[in-house]
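Note on naming: letters A, B, ... go to the chains in the order of the sequence lines (proteins, then strands), and numbering restarts at 1 for each one.
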Amino acid sequence: MTNPINQPKVLLADDDPDYLFQIRFALEKNGFEVHSFDNQEGAELFLDSAKPDVAIFDLMMERDDSGFILAYHAKRRYPQLPVIILTAVTAETGRKFNHGEYNPDPWIKADLYLEKGLLPETLISYVKSLITI
Amino acid sequence: MEMLKVLVVDDEPGIRSGIDRILSKYTVGYPFMDEDIGYTVYEASTGEEAIRIFHENPPDIVLLDNKLPGMGGVEVLEYIKRNQLNIEVMMITSFASLELAVKATHIGAYDFVPKPFTPQELRSSMDNITKHLFLKRMTQKMNTEGKQIRFQFLTVLSHELKNPLNAIEGYLRMLKERQAGDQLEAYDEILDRSLNRVKGMRSLIMDLLDLTKIESGKKNREIQPVDLMRIARISAETMGPMSIQMEVNISIDGPEQLIFNGDPEEFEIILNNLISNAVKYNKPGGFAVCRLMTEGKQLIIEVEDNGLGIPEDEMPVLFREFARIKRKETRNIMGSGLGLSIVKRLVDFYDGTISVESQQGKGSLFRVVLPIIG
């Protein structure tokens with residue numbers, strides 16, 4: 001039983017309500033305290049009021065680059081905050097992502113890019129690896 | 001004014017200067033073009049010179065005499081075709097070589113003008129070849145643009161289909177691994193959500209089929225006298241359950257009967273889409289009214305609501321496929337994103353127009369105007 005005080009905080013933003021449901025479920029099962037939003041604005045407001053231990057942002061929400069915008073704001077406010085960006089289709093960004101590819105572009109402020117077809121368990125293990133760094 | 005480059009290849013200087021005189025003052029305009037077209041004329045006296053010019057300063061059109069010293073006109077034509085040069089060819093032929101002229105057109109010359117020709121005959125031939133050139137280029141341009149648009153469409157489409165598939169797969173996995181425990185009730189919400197996504201995918205695929213049928217022109221149209229009031233009432237009934245759920249009141253306003261020549265299925269689609277939008281993009285207690293009327297030689301269909309309205313930046317893309325700009329209020333509204341683009345295409349079938357007036361937060365009014373023929 002995880003001590004609630006030690007639960008790492010995850011900020012999760014994705015506009016697909018079912019994806020949000022499933023990832024939240026997996027994260028909570030693994031002892032994370034989840035703050036989830038189905039829009040960019042909600043996640044931004046959260047960042048202003050609290051500091052998460054890790055953030056997971058869907059790339060396309062209200063805007064096609066919502067994820068990038070959120071990552072930028074998050075890193076500006078909390079430079080050490082690990083950020084994961086999720087993308088549904090490789091063609092979205094015109095870049096080929098492999099699982100676990102680390103950030104090749106310094107101006108895009110994310111630590112990891114992952115594809116959404118990924119198993120929740122695999123996502124969780126990436127999240128855990130980012131927090132223990 | 002757009003200038004086309006015309007190369008005149010003839011060994012007789014009189015012919016060359018004659019053509020130059022006729023064409024340099026000539027301009028052509030077509031209804032489908034924004035600008036008039038003029039001609040910049042230059043000359044060559046042999047086939048070999050012409051070929052050199054094709055590479056140094058390629059013309060759009062070449063007026064080619066078939067009787068040339070050295071390399072003949074037909075050889076030059078063959079050169080153009082073999083090297084796939086983007087040059088339209090008009091053969092200038094002496095009357096006795098009609099057979100040769102026909103042969104040339106088989107090889108790929110667009111047309112021929114027999115000598116001696118009057119200025120009017122030359123201008124007339126130039127008209128034809130110019131129009132042909134323009135239509136050919138427009139088609140090539142549209143094909144390239146068409147391919148780009150199709151690619152974008154397919155990319156967005158695959159995204160729209162992948163999302164529900166991923167969601168359903170995720171839920172099935174949760175079920176398979178009993179991630180919510182052994183009690184079946186714990187999975188009720190998961191099952192409902194999955195079924196919802198299935199419904200969404202089905203609606204998307206059905207709309208896609210409609211769209212493809214319309215686009216490809218393969219839609220079977222059954223034009224017959226149709227009572228639009230009856231279709232409107234059926235549409236309102238179909239939307240009944242949704243309107244009750246959304247707490248929006250639907251009403252139909254119009255004469256007892258309104259007969260119009262058209263395909264009943266198409267009008268069902270138009271009315272269903274417009275009325276369902278009026279109900280979906282609304283608030284509890286709101287209304288959606290569908291009005292049908294004729295005004296002189298026009299049929300008017302209006303669907304008005306006092307719902308969420310449409311923001312200014314959405315207006316230009318409203319009738320485009322998948323153009324749903326996600327806003328806070330509309331985030332949870334289900335839909336394929338194809339409804340309005342389908343409606344617009346159907347309205348186009350009838351040579352009609354569709355317009356919208358809207359204010360964010362106040363509501364929207366969609367107006368379809370179709371000409372009454374006969």
Using a 6.0 Å cut-off, check whether atom [atom1] of [X] has over 12 heavy atoms from anything other than its own residue.
{"X": "B:L209", "atom1": "CG", "result": "yes"}
{"X": "B:E177", "atom1": "CD", "result": "yes"}
{"X": "B:R137", "atom1": "CZ", "result": "yes"}
{"X": "A:E28", "atom1": "CD", "result": "yes"}
{"X": "B:R173", "atom1": "CZ", "result": "yes"}
{"X": "B:K283", "atom1": "NZ", "result": "yes"}

Problem set entry | Approximate separation, where rounding is to 0.5 Å, of A:F25 CZ and B:Y171 OH | 10.5 Å
For this session: State the NZ-CD distance between A:K29 and B:Q179, to the nearest 0.5 angstrom.
Result: 5.0 Å
Problem set entry | Toward chain B, the part of A:E121 with a non-hydrogen atom under 4.5 Å | side chain
With a strict 4.5 Å heavy-atom criterion, list every residue of [range] that contacts chain A, or say none.
{"range": "residues 187-196 of chain B", "value": "B:E189, B:I190, B:R193"}
{"range": "residues 234-243 of chain B", "value": "none"}
{"range": "residues 163-170 of chain B", "value": "B:N163, B:N166, B:A167, B:G170"}

Problem set entry | Non-neighbouring partners of A:H35 that pass ring-ring contact (aromatic ring centres under 6.0 Å, His included), sequence neighbours left out | A:F46
Problem set entry | A:D16 bridged to B:R197 by N-O distance under 4.0 Å | yes
